[in-house]
Amino acid sequence: MCSIMGYCDPAASLDRFREGFERTVSRGPDASAIVQTGGGLLGFHRLAIMGLHPEGMQPFERDGSYVVCNGELYGFAAQRQALREKGYTFVSESDCEILLPLWFEYGVDMFPMLDAEFVLVLYDGRTKEFIAARDPIGIRPLFYGYDENGAILFASEAKNLVGLCAEINPFPPGHYWKGGKFVCYEDIARVDAVCHDDLETVCRNIHDKLIAGVKKRLVSDAKVGFLLSGGLDSSLVCAIAARESAEPIKTFAIGMDVDAIDLKYAREVAAFIGSEHTEVIITKQDVLAALEPVVALLGTFDITTIRASIGMYLVCKAIHERTDIRVLLTGEISDELFGYKYTDFAPSAAEFQKEAQKRIRELYMYDVLRADRCIAVNSLEARVPFGDLDFVRYVMAIDPEKKLNTYGKGKYLLRHAFESDHILPESILWREKAAFSDAVGHSMVNDLKEYAEKYYEDGDYQLRRSRYTHARPFTKESLLYREIFERYYPGQAKMIADFWMPNKSWEGCDVDDPSARVLSNYGASGE
């Protein structure tokens with residue numbers, strides 16, 4: 001990952017800018033730069049992934065225009081060649097060097113052209129204006145706010161803007177900002193035409209598009225590793241990568257020292273695909289010690305996100321400290337597309353689709369936020385094959401009747417798509433889903449809940465939770481997270497819409513805990 005920041009005011013204070021910007025240096029520890037554009041300030045902390053030489057350092061400048069970008073632009077080589085044919089020259093191997101030429105040629109029409117996970121802030125020296133944009137899913141983070149004089153600021157993380165802006169907001173995915181207005185260039189969850197391909201065609205396309213999504217994310221000038229939970233999604237990513245790689249891939253799994261569910265499954269997958277596998281074992285003390293740092297780095301109070309982030313943060317911390325890996329592929333975004341345990345209760349195909357659209361549109365506040373922060377704070381880059389734009393567009397368009405769990409097994413389309421490849425053990429391909437925070441070990445969530453129960457007396461809990469009107473805490477655990485959040489992001493709770501919970505309006509989903517463990521259909525998922 002990298003970190004970017006922009007202060008769109010010619011009179012912006014360099015000292016105040018630098019103070020905020022330095023809070024995310026771990027996102028890009030290789031090099032840092034701040035430039036005065038004439039219209040304001042741009043900053044960049046670099047984590048070198050593509051184009052490792054100094055020439056790949058940002059901001060990139062052409063004829064008085066500047067750009068900073070945190071992103072990976074897949075297929076950039078072809079676009080760079082097309083730009084060369086138009087007369088542009090390039091000095092680095094960085095994918096992001098093509099952005100200013102693209103801007104000069106296409107303006108805002110460039111954003112739908114990008115097959116990328118990205119955020120950028122660009123200063124056009126010709127028009128003396130700033131432009132900012134974010135990818136359609138929001139895989140890369142960007143926040144904005146206004147200073148006391150009304151000037152807008154952009155930054156990779158909310159913590160960059162604390163103290164500079166009274167109100168901090170997430171930059172909406174699939175939008176660009178220009179001329180003081182946000183404009184949607186793609187709502188990736190919207191389906192213009194339902195795909196009525198037959199079942200086998202659907203599964204063949206899922207198969208081919210996911211493989212393409214993995215392959216393009218293996219391209220890196222820095223070393224690549226893989227998070228392997230032993231669940232379906234991460235196992236598929238690892239199995240595809242192992243088949244596509246000339247050398248054994250490196251996989252990493254994490255679990256509690258007493259009741260880790262997923263370690264045995266991750267071990268089984270690693271042996272099957274021949275990966276170099278590392279296990280990270282954590283204790284109750286590790287979990288409780290990580291709680292406050294995790295909430296601080298996440299910038300959220302959401303229960304599910306925090307629970308799932310503790311294991312992810314600790315395994316990434318170990319990877320950073322013990323290896324020279326810089327890029328991690330993960331299994332996020334499959335659930336939102338193919339279904340959670342709770343979406344088995346969807347009363348209709350239309351309701352399933354509506355829920356999937358809601359989840360995709362809110363990903364940047366939950367699972368995608370978790371993957372970015374836990375990985376980036378440890379000076380690593382996350383790549384998410386299930387978030388490949390072509391893959392997401394296709395799966396969202398599939399007739400939702402086919403995505404309903406009418407097969408006796410959740411995520412049937414994804415499982416069946418790879419059934420004939422035999423790249424995973426049958427026991428893994430057809431294994432019931434377990435929530436990541438539970439699969440690290442049931443004791444981890446139990447330890448967190450027990451800690452919160454002891455932290456508050458009942459009367460004190462009721463009094464303290466009543467202070468909050470937005471997303472009011474509804475358990476002692478949620479109050480604990482909210483109070484930690486407020487210490488680091490005072491008054492900024494509206495950055496997160498609400499708690500990630502099953503759809504309470506559906507029969508069987510009116511629960512008071514986000515864990516799938518409380519659902520009646522959890523069954524053998526936690527075994």
Side-chain angles (χ1 to χ4, degrees), residues 49-50 71-82 95 98 111-118 135-140 174 186 188-189 191 193 195 197-222 224-228 232-247 249 251 273 275 327-338 356 360 363 368 371 381-398 402-403 411-424 429:
I49 301 297
M50 299 297 294
E72 289 298 333
L73 314 183
Y74 302 110
F76 78 96
Q79 289 175 312
R80 183 174 59 189
Q81 182 56 36
D95 50 342
I98 70 171
F111 300 124
M113 297 168 58
L114 297 176
D115 178 12
E117 44 209 41
F118 79 96
D135 68 70
I137 296 174
I139 291 177
R140 298 301 171 96
E186 180 173 8
I188 200 164
V191 175
C195 170
D197 290 344
D198 63 80
L199 180 66
E200 294 306 317
T201 302
V202 163
C203 290
R204 184 168 61 252
N205 286 331
I206 288 172
H207 172 275
D208 294 348
K209 290 177 184 294
L210 183 59
I211 290 174
V214 172
K215 287 174 69 174
K216 70 177 69 169
R217 284 162 178 80
L218 296 177
V219 179
S220 171
D221 294 332
V224 178
F226 300 80
L227 296 185
L228 175 59
L232 174 67
D233 308 326
S234 65
S235 297
L236 273 177
V237 170
C238 291
I240 294 168
R243 189 173 63 179
E244 297 294 332
S245 302
E247 302 291 332
I249 66 170
T251 54
I273 66 175
S275 68
V327 177
L328 288 176
L329 270 66
T330 77
E332 270 74 30
I333 308 183
S334 173
D335 292 332
E336 289 77 10
L337 294 170
F338 294 101
I360 289 294
L363 261 170
V368 161
E381 174 175 291
R383 294 188 179 178
V384 190
F386 283 101
D388 185 77
L389 298 180
D390 182 55
F391 184 80
V392 172
R393 291 179 189 121
Y394 181 76
V395 177
M396 287 301 295
I398 295 169
K402 290 187 175 69
K403 290 184 278 191
K411 296 188 180 179
Y412 177 80
L413 298 181
L414 182 59
R415 299 176 196 273
H416 183 53
F418 287 89
E419 189 172 9
S420 62
D421 279 28
H422 305 294
I423 59 173
L424 284 176
L429 186 65

Inset, instruction - Give the C-alpha distance, both sets of side-chain angles, the deciding distance and a yes or no for side-chain contact (heavy atoms from CB on, under 4.5 Å) between Phe338 and Ile333. - result: CA-CA 9 Å; Phe338 294 101; Ile333 308 183; over 6 Å; no
Check whether [X] reaches the backbone of [Y] with its side chain - one donor and one acceptor, N or O, closer than 3.5 Å.
| X | Y | answer |
| --- | --- | --- |
| Arg415 | Leu429 | yes |
| Lys403 | Ala356 | no |
| Ser245 | Glu247 | no |

Inset, instruction - Starting at CG of Leu228, measure out to OG of Ser275 and round the result to the nearest 0.5 Å. - result: 6.5 Å
Inset, instruction - Apply side-chain contact (heavy atoms from CB on, under 4.5 Å) to Glu336 and Leu363, showing your working. - result: CA-CA 8 Å; Glu336 289 77 10; Leu363 261 170; 3.4 Å; yes
Quick one: salt bridge (Lys or Arg N to Asp or Glu O under 4.0 Å) partners of [X], sequence neighbours excluded?
| X | answer |
| --- | --- |
| Asp135 | none |
| Arg243 | Asp421 |
| Asp95 | none |

Inset, instruction - Could you walk me through whether Tyr74 and Val219 pass the side-chain contact (heavy atoms from CB on, under 4.5 Å) test, one step at a time? - result: CA-CA 9 Å; Tyr74 302 110; Val219 179; over 6 Å; no
Quick one: closest heavy-atom pair of [X] and [Y], and the distance?
| X | Y | value |
| --- | --- | --- |
| His416 | Cys203 | CD2-SG, 3.6 Å |
| Phe386 | Gly331 | CD1-O, 3.7 Å |
| Ala239 | Leu424 | CB-CD2, 3.8 Å |
| Ala193 | Ala397 | O-CB, 3.9 Å |
| Ala371 | Ala382 | O-CB, 4.2 Å |
| Ile249 | Cys238 | CD1-O, 3.4 Å |

Inset, instruction - Give a yes or no on whether Lys215 atom NZ has more than 12 heavy-atom contacts from other residues, nucleotides or ligands under 6.0 Å away. - result: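 Atom NZ in Lys215 is not crowded, with 12 or fewer foreign heavy atoms closer than 6.0 Å.
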Inset, instruction - Please assess Phe418 against Leu210 for the test side-chain contact (heavy atoms from CB on, under 4.5 Å), listing each intermediate value before the final yes or no. - result: CA-CA 10 Å; Phe418 287 89; Leu210 183 59; 3.8 Å; yes
Legend entry - Contacts of Val392 that satisfy side chain to side chain contact (heavy atoms under 4.5 Å, CB included) - sequence neighbours left out: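 For Val392 the side chain to side chain contact (heavy atoms under 4.5 Å, CB included) partners, ignoring immediate neighbours, are Ile137, Ile188, Leu337, Met396.
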Legend entry - With Asp197 via side chain to side chain contact (heavy atoms under 4.5 Å, CB included) - residues at least two apart: Cys195, Thr201, Val202, Asn205, Tyr394
Legend entry - Check against salt bridge (Lys or Arg N to Asp or Glu O under 4.0 Å), Glu117 and Arg217: CA-CA 11 Å; Glu117 44 209 41; Arg217 284 162 178 80; 3.6 Å; yes
Inset, instruction - Would you please test Asp388 and Lys209 for salt bridge (Lys or Arg N to Asp or Glu O under 4.0 Å) and show each step? - result: CA-CA 8 Å; Asp388 185 77; Lys209 290 177 184 294; over 6 Å; no
Inset, instruction - Please identify each residue that fulfils side-chain hydrogen bond (donor to acceptor under 3.5 Å, both in side chains) with Glu332, with sequence neighbours left out. - result: Thr330, Arg370
